[in-house]
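A short worksheet on the structure shown next.
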Amino acid sequence: MAFLKPDLYYSSVRAIDLETLARAGVRVLLLDLDNTVLPRDSNVVPDEMRAWAAGLRERGFSVCLVSNNWHERVRDIAAELGFDLVDHAIKPLPFAFLRALRLEKATAKEAAVVGDQLFTDILGGNMLGMRTVLVAPLSQTDLPHTLLLRRLEALVLGERVPTS
Ligand SMILES: [Mg+2]
């Protein structure tokens, strides 16, 4: 169960307290895409997300999108936001996260995984000893198996509510 618990839980990526992460020695974000940065059914990067990405760079964070997705869309969005990319990730398996750490020349202690799913993002990050940040999903649209897992997520999270 401990591997499924996020260190931090926010209502959205834009609510993440970057100072808290920086003080904890985090300088790299391994960021999920679908329902974390954009709704799964959207290709349009909203202005506020562009501003958030620019703010990350200003604060000196490196960002790598780590996505189980593999469509052209993922590459376009990474390029648009100025993020590095590891796709075909097969999270929660560790390989893509390890590839992203190598890409960013970072240790696990210097990285935080940010995503909307306990069984992919948070589990994978915790297994490698990274900080883990859960965000509430941007939309209720998701893959059928993900929607099933959401029920288990609700059990794991219990009364825990995201910080706004
Ligand atoms: Mg996701």
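Here the structure is a predicted model, which means the values were calculated and not measured. When a ligand or atom number is given, it counts from 1 through the structure's own listing order.
The 12-atom threshold is exceeded at CG of Leu147, counting heavy atoms of other residues, nucleotides or ligands nearer than 6.0 Å.
Here the straight-line distance linking atom CG of Leu123 with atom OG1 of Thr132 works out to 10.0 Å at 0.5 Å rounding.
Using a cut-off of 4.0 Å between Lys/Arg side-chain N and Asp/Glu carboxylate O, Arg73 and Asp34 are scored as salt-bridged.
Side chain of Lys91 to backbone of Asp32: no donor-acceptor contact under 3.5 angstrom is found.
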Point to revise | Candidate pair Asn126 and Leu4, rule side-chain contact (heavy atoms from CB on, under 4.5 Å), full reasoning | key: CA-CA 7 Å; Asn126 281 338; Leu4 289 173; over 6 Å; no

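Counting only N and O atoms by type, the side chains of Ser67 and Asp87 include no donor and acceptor under 3.5 Å apart.
Panel detail: the Mg ion (ligand 1) has protein N, O or S atoms under 2.8 Å away, 3 in number.
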